[in-house]
Amino acid sequence: MDVSHLLDALNPAQREAVTTESPHTLVLAGAGSGKTRVLVNRIGWLTEVTGVPVYGVLAVTFTNKAAAEMRHRISALGGQGGRGMWIGTFHGIAHRLLRLHWQEAGLPETFQVLDSDDQIRLLKRVINDLGLDDKRWPARQAAWFINAAKDEGKRPKHIHSADPATDTLIRIYEAYEVAARRAGLVDFAELLLRAHELWLTQAGLLHHYQQRFGHLLVDEFQDTNTIQYAFIRVLAGSSGRTFVVGDDDQAIYGWRGAKVENVQHYLRDFEGASTVRLEQNYRSTANILKAANAVIGHNPARLGKTLWTADGDGEAIDVYAAYNEMDEAQHAVQRLQRWINDGGAASDCAVLYRSNAQSRALEEALIQAQVAYRVYGGLRFFERAEIKDTLAYLRLIASRADDAAFERAVNTPTRGIGGKTLEQVRARAQADNQTLWEAVLGELAGSSLNGRAKTALRAFVELIEQLDRDTRGMSLAEQIDHSLKASGLYSHYAEESRGTLDARTDNLDELVTVASRFARVEVEEGAEPLPELIGFLAYASLEAGEGQSESWQDCVQLMTLHAAKGLEFPLVCIVGMEEGLFPGQKSMEEAGRLEEERRLAYVGITRARQKLLLCYAETRRIHGMDTFGAPSRFLREIPTDVLNEVRPRVQVSRPNYGSAAPRARFVAEPAPSGLKLGAAVRHAKFGLGVITDFEGDGPHTRVQVNFEDEGSKWLVVSYANLQVG
DNA sequence: GACAGTCCTGTTTTT
DNA sequence: CAGGACTGTC
């Protein structure tokens, strides 16, 4: 058999991974080491060479984008092109299972997926219904608590109540569960938890899928949370083979429940697991890799991996010390312009930052310089209010029980159903344990509402019923279009945005177009296809769509460091490299968080192919206050020989605050001594060592020295009397 | 129900 | 500083 297309151009480690016969394989794939290729070719190897049927393969990723990319590349391999293979996100796969087995999972057939926005709205109502003060118990925090619990596989009864505050949160969790169940709503974390519980409670089903999926592959394994790990572990059982790809150095989602430890647990829990390291990097210059390796080398407890490249050193990494964030932005933009003037593409450039708020200064500088740019993040298509409003009507058509949709649609556009009326409806629903829809019907039959309110409610009920009748037999796009017009939503938004540049009605038109292109998804070959509407609604929740509809101009890319993971650019600028911002203030207070920030720095640095620019500002306005941050420790962790200070240590005259000494500057060189990072030194008592860190300035400068015999120590330079060399 | 004024609180984000 | 949430007025 000709397998050359699967193995050609692979290095030995990649080949080993693709062809391994080990039952369980952990591929530690460094940044830019060709991990997607390995994953894709591994699947090709399994199906083409070892004769695994395509339906016996389950491949899981974290984002829809990654799943789409994988599907695309598998079909490019030829063969059966992955048709019939289960490839998807954890959430997508869980959703698929729950659709197929809604009865076993204890769900209504028309259950809807609740996105985080809807989840918070629902929680708000639950908190109110419990008579709690929503100031003391913000819905956001409750959502955080509940999601974190679900990510750990915990139902309310599994949580130990440690204190009164936790007790209340558990009560909220319980009430939220009741409300969500009644409304037939499933949030993101619930999808995973239910799917996992399906394995635990339905032995027959589990057995069926264990038989079927002989091979489980997981991408970005370092990002799995407890429940995702458990899901895979249970599904693998004793005979399933697994192939997981990840990089513990790129684990940056611990704050939302991801457990890097899963990488270590894997080696412990999956018997006979072997490890393959992909360390050859095909992306960046040697200088960039040197910087990345040095930074990440400061983290303890790594599985250990050192990136290398067969290519040359490349240019030095520029470091720019800006006066403030405006100066910083202008400098970055200048650098981008130089790149573009030299014939580079704007879309090859990215500016990365720690938090979204930092994009503002950059955008201003880009506009001023007339450089086209695109900001990633922010509201996505299906998250826009007008889109969600429209979908709320469709959700009600599909399921009257959907309280979240009811709340949204009932008075948008306004139709005289105000807070008072709704309060009464909610109270009845609460008292009688009903859905809002049922409560409305009850109120209409009862006598506690006044005539005006009744008329308004009756009109709303009739509207939904009418929409339901009218749209039967229509295509999806027609259903949406009709609902949009008949509900008055379209004219509502047309009116609102009249004479403005607001593109709301454009988005509504776009929604109809998207729907007309929406391909009916068969949940499973041979199985009943999902009703198109239900499928579309799930799609809208699970895949929120692109941030901006205008697409691929040649423009500079702006995004957070988190959003940059998985991407690469010839030119990368990272701005805001200051203590307190990156690493963030909060990261320094909690154990383990600093390491995660450092991994984020590692991710940022390794995005760059050819050219990297690192910037920090001495002054930065944050929340309207001028703040002063020392250069980030991550800068100081980079060996100076790969750095080029664009604006070297010039003492800039700046307003002198009292008699304060000039602030510490990047690579503060304690003047005469020649001490610098990486320098070998001798101490009279501690012997030989290497300087690994600096702190402070002037006579109080301290250095961290890693002594051969004594370990690491902080010393005040002016007392330590260190000998260089 | 629309609008203006006030208070408050500020990482990272996919599904 | 600035966006969101909330309150109070017409």
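Every chain is numbered from 1, with letters handed out A, B, ... down the list of sequences.
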Between [options], which one does the side chain of [X] approach most closely?
{"X": "A:Glu383", "options": "B:dG1, B:dT15, B:dT13", "answer": "B:dT15"}
{"X": "A:His562", "options": "B:dT13, B:dA2, B:dT15", "answer": "B:dT13"}
{"X": "A:Arg360", "options": "C:dG3, B:dT13, C:dC1", "answer": "C:dG3"}
{"X": "A:Arg256", "options": "B:dG10, B:dT13, B:dT15", "answer": "B:dT13"}
{"X": "A:Arg380", "options": "B:dT14, B:dA2, C:dC1", "answer": "B:dT14"}
{"X": "A:His623", "options": "B:dG10, B:dT12, B:dT15", "answer": "B:dG10"}
{"X": "A:His91", "options": "B:dT15, B:dT13, C:dA2", "answer": "B:dT15"}

Does [X] make a side-chain N or O approach to OP1 or OP2 of [N] shorter than 4.0 Å?
{"X": "A:Asn356", "N": "B:dT13", "result": "yes"}
{"X": "A:Asn64", "N": "B:dT14", "result": "no"}
{"X": "A:Asn411", "N": "B:dG1", "result": "yes"}

Sugar-phosphate only, base, or nothing, as touched by [X] at under 4.0 Å among non-hydrogen atoms:
{"X": "A:Glu597", "answer": "base"}
{"X": "A:Asp134", "answer": "nothing"}
{"X": "A:Asp115", "answer": "nothing"}
{"X": "A:Gly416", "answer": "sugar-phosphate"}
{"X": "A:Ser116", "answer": "base"}

Worksheet item: Does the pair A:Trp102 and A:Phe111 meet the rule for a ring pair (Phe, Tyr, Trp, His ring centres under 6.0 Å), with working shown?
Response: CA-CA 8 Å; A:Trp102 53 273; A:Phe111 77 86; 8.9 Å; no

Rounded to whole Å, please give me the gap between [atom1] in [X] and [atom2] in [N].
{"X": "A:Gln228", "N": "B:dT14", "atom1": "CD", "atom2": "P", "result": "15 Å"}
{"X": "A:Ile622", "N": "C:dA2", "atom1": "CD1", "atom2": "P", "result": "14 Å"}
{"X": "A:Asp117", "N": "C:dA5", "atom1": "CG", "atom2": "P", "result": "9 Å"}
{"X": "A:Arg140", "N": "B:dT12", "atom1": "CZ", "atom2": "C1'", "result": "13 Å"}
{"X": "A:Lys135", "N": "C:dG4", "atom1": "NZ", "atom2": "P", "result": "17 Å"}
{"X": "A:Trp144", "N": "B:dT12", "atom1": "CH2", "atom2": "C1'", "result": "9 Å"}
{"X": "A:Asp187", "N": "B:dT14", "atom1": "CG", "atom2": "C1'", "result": "14 Å"}
{"X": "A:Ile127", "N": "C:dC6", "atom1": "CD1", "atom2": "P", "result": "11 Å"}

Fill in: Check: A:Phe90 ring centre within less than 6.0 Å of A:Phe188 ring centre
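Centroid separation for A:Phe90 and A:Phe188: 6.0 Å or greater.
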
Practice prompt. Taking the six-membered ring for Trp and the full ring for Phe, Tyr or His, determine whether the centres of A:Phe634 and A:His298 are under 6.0 Å apart.
Written response: no

Practice prompt. Report the residue (A:Trp255 or A:Gly624) whose heavy-atom-nearest nucleotide on DNA chain B is the more 5′ of the two.
Written response: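 Upstream on the strand: A:Gly624.
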
Practice prompt. Tell me which of A:Ile417 and A:Ala563 sits closer to the 5' end of DNA chain B, going by the nucleotide each one is nearest to.
Written response: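 The residue whose closest nucleotide sits nearer the 5' end is A:Ile417.
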
[Y] backbone acceptor or donor facing [X] side chain under 3.5 Å:
{"X": "A:Glu578", "Y": "A:Ala617", "result": "yes"}
{"X": "A:Thr627", "Y": "A:Ile622", "result": "no"}
{"X": "A:Gln557", "Y": "A:Tyr373", "result": "no"}

Discussion item. According to a cutoff of under 5.5 Å between the ring centres and under 30° between the ring planes, does A:Tyr253 stack with the base of B:dT13?
Written reply: no

Worksheet item: More than 12 non-hydrogen atoms from neighbouring residues, nucleotides or ligands closer than 6.0 Å to NZ on A:Lys454, yes or no?
Response: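 Counting other residues, nucleotides and ligands, NZ of A:Lys454 exceeds 12 neighbours.
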
Practice prompt. Using the C1' atom on both, measure C:dA5 against B:dT12 and round to a whole Å.
Written response: 23 Å

